[in-house]
S.K.: 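What follows is a single structure, and I will ask about it in a moment.
What you see is a predicted model; the values in this text were computed from it and never measured. The basis for the numbers below is simple: all heavy atoms, side chains too, and nothing from hydrogens, waters or symmetry mates.
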Amino acid sequence: MAVKIFFPTSCSAAENGLLIGRWMADHRSAVILAVLHFPFIPGNVKCYLAQLQQSTGLNLSVLGTWSYWKAEKDEKMQTFFDDLSSIFNHQPWLRIVRDTSSKFWDCNIERSGSEDQEEVILLYCDQRKLMLSELHFVTEKSEIASVFNTVAKSRPLFSLDKYDEGPVKLTHWQSDGMEASIIVELAKHVSFPLCTFLSLFASLLTNFFSARILSGKPLSFLWSKLSTCEQLGKRLEHLRLVTSTERAKDHTQFMRKSNTFVSLLLDMVLGVLLISWLYRENRIGQLANILLPVADRVALELQELLQWLMGAPAGLKMNKALDEVLGRFFMYHIHLWISYIRLMSPFIESILWYIGLSACLGLSLALSILSDIIALLTFHIYCFYVYGARLYCFKMHGLSSLWRLFRGKKWNVLRQRVDSCSYDLDQLFLGTLLFIILLFLLPTTALYYLVFTLLRLLVVVVQGVIQLTIELLNTLPFYAMALRLCRSYRLADQSSLIWSCNTDLQVAN
């Protein structure tokens with residue numbers, strides 16, 4: 001009967017060490033839980049295993065050695081591994097060797113007094129999925145139940161890893177990817193004070209900016225195409241106004257400053273609230289998991305729409321050749337877009353994480369970035385609209401020119417007007433053929449143009465709602481509204497003062 005070894009996937013790239021696990025003699029199988037790395041003291045290892053046995057109730061022990069040779073084998077290390085079997089003295093003793101020069105692993109089982117080679121079956125298992133499955137059995141009647149219970153009851157073993165300071169260094173499922181998580185956690189802790197400092201620093205530097213810097217050709221082009229750049233420009237203007245050291249000359253300028261300051265403050269508060277909502281309960285990860293199925297669903301709907309257009313949409317008889325050419329052309333663009341989404345899928349959660357972090361500069365900036373991302377994600381729809389519009393305009397222009405040909409007219413490019421012109425028989429015959437061809441191809445082109453125009457209009461409506469929210473945050477007089485609700489008499493006194501000053505000026509003139 002073959003011996004089964006349940007080996008965790010997280011330990012397949014671990015450094016050389018000891019195999020910590022449980023031997024189940026009734027089932028002739030072993031469950032590997034972790035790899036203990038060098039250097040270690042055998043006495044400390046035995047004390048640590050005794051503590052684990054007391055806390056878990058499992059007979060955990062050193063089952064053997066694990067060797068991962070990335071280069072040439074070290075003979076001294078191999079001799080040291082041979083001596084470990086006499087120190088820990090577990091029967092049977094496992095030897096698992098992985099060599100990068102070969103795609104096969106070497107698994108041996110040694111028993112005292114026996115030189116027979118036993119058959120070994122190495123089974124890969126994911127400890128993380130075993131823990132999350134919560135399939136913990138009351139009794140261990142089967143081998144699978146014993147494996148699940150062994151992993152579930154070994155929580156104290158997984159509390160330490162190779163990055164902790166302690167008597168032992170372990171590699172298991174908890175230490176998988178720990179380097180990246182440490183860097184991410186450090187970045188998260190540093191990002192918040194860094195962004196706060198940058199926002200304060202930017203407000204101090206706005207006095208030194210001039211309008212000429214933002215009016216250059218490269219920046220002006222970028223400013224006009226990206227909503228984020230436009231919003232940054234507006235916020236820089238607002239910061240210049242608020243941080244200006246000049247005293248307000250009149251009540252209008254004072255109210256403008258007050259409204260701008262309250263708008264900036266409210267924008268920052270809403271941005272901080274958005275951050276607190278996004279980074280609670282891993283909502284960014286949930287949004288990233290929702291985004292990919294939505295993108296796949298949109299691609300599937302577009303493919304079904306194109307297949308509907310390539311058939312007989314609404315009972316209309318289309319030009320079959322042109323319909324297939326246009327359908328395949330747009331279908332190819334959808335495949336390119338799906339590949340683009342799949343390529344970006346590993347980075348979507350990180351992108352959403354940084355977008356949420358940008359909300360510390362204001363909710364309006366986060367909404368602007370969201371509008372630009374929608375524009376990027378729907379770039380294929382924009383391309384469809386442009387292609388359809390160009391083709392439709394080309395045919396309409398050709399039909400209008402050929403219609404003037406039938407009436408003995410032509411367009412004078414130099415004088416920008418329609419003049420009379422005489423055509424011979426060949427020109428009229430060729431014009432008639434072209435006119436009939438374009439006229440019968442027009443319904444197919446017009447239908448594609450209409451459908452993609454409606455899709456583009458839907459995207460523009462969504463971006464328009466976002467832009468409307470941004471403009472409301474930028475332009476609503478929140479300070480004046482608060483005065484109107486709380487202290488309306490102040491607005492009345494100031495309005496009467498302005499009216500009397502204007503009346504005196506008119507009388508003086």
Side-chain angles (χ1 to χ4, degrees), residues 1-12 14-38 40-54 56-69 73-99 102 104-125 127 130 140-154 157-158 168 170-173:
M1 184 177 179
V3 177
K4 297 179 182 178
I5 300 177
F6 294 89
F7 194 86
T9 57
S10 56
C11 298
S12 59
E15 300 293 335
N16 301 332
L18 300 177
L19 296 174
I20 306 297
R22 178 190 178 190
W23 172 256
M24 298 179 294
D26 297 338
H27 306 291
R28 287 181 56 85
S29 59
V31 181
I32 307 299
L33 297 175
V35 174
L36 192 148
H37 299 292
F38 300 104
F40 59 83
I41 300 175
N44 292 340
V45 175
K46 292 181 180 179
C47 292
Y48 177 68
L49 291 177
Q51 295 175 2
L52 288 177
Q53 291 177 4
Q54 185 177 0
T56 60
L58 298 175
N59 186 18
L60 302 181
S61 58
V62 178
L63 300 181
T65 58
W66 160 259
S67 304
Y68 183 26
W69 305 113
K73 293 184 179 180
D74 190 352
E75 296 297 336
K76 294 182 179 180
M77 183 65 69
Q78 190 66 34
T79 304
F80 179 66
F81 282 166
D82 296 337
D83 297 336
L84 289 176
S85 59
S86 60
I87 296 176
F88 293 98
N89 194 19
H90 180 273
Q91 296 296 327
W93 185 257
L94 308 180
R95 293 182 185 274
I96 302 178
V97 181
R98 181 186 179 187
D99 195 348
S102 175
F104 300 104
W105 290 18
D106 187 10
C107 302
N108 294 322
I109 296 180
E110 298 179 359
R111 297 179 185 269
S112 59
S114 176
E115 296 182 356
D116 297 335
Q117 294 290 335
E118 298 187 36
E119 184 180 357
V120 179
I121 301 177
L122 189 66
L123 301 175
Y124 250 21
C125 62
Q127 290 177 340
L130 291 179
E140 298 183 356
K141 295 182 179 180
S142 63
E143 185 178 13
I144 298 298
S146 301
V147 173
F148 273 85
N149 282 352
T150 301
V151 178
K153 293 180 181 180
S154 301
L157 174 65
F158 301 141
V168 293
L170 300 172
T171 292
H172 43 72
W173 70 277

S.K.: Atom CG in L63, atom CD1 in I20: separation rounded to 0.5 Å?
M.R.: 7.5 Å
S.K.: So which heavy atom on C11 is nearest to which on A34, and how close?
M.R.: SG-CA, 4.2 Å
S.K.: Of all the heavy-atom pairs spanning S154 and T56, show the shortest one and how long it is.
M.R.: CA-CG2, 4.3 Å
S.K.: Any side-chain heavy atom of P8 within less than 4.5 Å of one from I32?
M.R.: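 Result yes, sub-4.5 Å side-chain heavy-atom pair found.
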S.K.: How about W105 and W66: are their ring centres within less than 6.0 Å of each other?
M.R.: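 Yes.
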S.K.: Could you work out, with side-chain contact (heavy atoms from CB on, under 4.5 Å) as the rule, every residue matching V45, not counting sequence neighbours?
M.R.: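 side-chain contact (heavy atoms from CB on, under 4.5 Å) list for V45, sorted by chain: L36, F40, L49, V62, F88, V168.
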S.K.: Restricting to ring pair (Phe, Tyr, Trp, His ring centres under 6.0 Å), what partner residues turn up for Y48, sequence neighbours left out?
M.R.: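 With neighbours one apart ignored, the set is empty.
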S.K.: Find the distance between CZ (R95) and CG (L19) and round it off to the nearest 0.5 Å.
M.R.: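 It comes to 11.0 Å.
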S.K.: Testing the basics here: between E15 and V35, what is the closest heavy-atom pair and its distance to 0.1 Å?
M.R.: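 Nearest pair, atom of E15 first, then V35: O-CG1, 3.8 Å.
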S.K.: Test of understanding: with side-chain hydrogen bond (donor to acceptor under 3.5 Å, both in side chains), list the residues that count as partners of S29, not counting sequence neighbours.
M.R.: E143
S.K.: Report the residues that fulfil side-chain contact (heavy atoms from CB on, under 4.5 Å) with Q91, sequence neighbours left out, ordered by chain and then residue number.
M.R.: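 Q91 satisfies side-chain contact (heavy atoms from CB on, under 4.5 Å) with N89, R111, S112 once adjacent residues are dropped.
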S.K.: Measure the spacing between CG of L18 and CG of L170 and express it to the nearest 0.5 Å.
M.R.: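 Rounded to the nearest 0.5 Å, the CG-CG separation comes out at 10.0 Å.
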S.K.: Go through the structure and list residues passing side-chain contact (heavy atoms from CB on, under 4.5 Å) with N59, not counting sequence neighbours.
M.R.: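 In terms of side-chain contact (heavy atoms from CB on, under 4.5 Å), with neighbours along the sequence ignored, N59 is linked to Q53.
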S.K.: Please round to the nearest 0.5 Å and tell me the distance separating atom CD1 of I109 and atom CZ of R28.
M.R.: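 CZ of R28 is found 7.0 Å from CD1 of I109.
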S.K.: Hey, what do you get for NZ (K4) to CD (E119), rounding to the nearest 0.5 Å?
M.R.: 11.0 Å
S.K.: About how many Å separate CD1 of I144 and NE2 of H27, when rounded to the nearest 0.5 Å?
M.R.: 9.5 Å
S.K.: One pair to check against side chain to side chain contact (heavy atoms under 4.5 Å, CB included): I5 and L123. What are the steps and the verdict?
M.R.: CA-CA 6 Å; I5 300 177; L123 301 175; over 6 Å; no
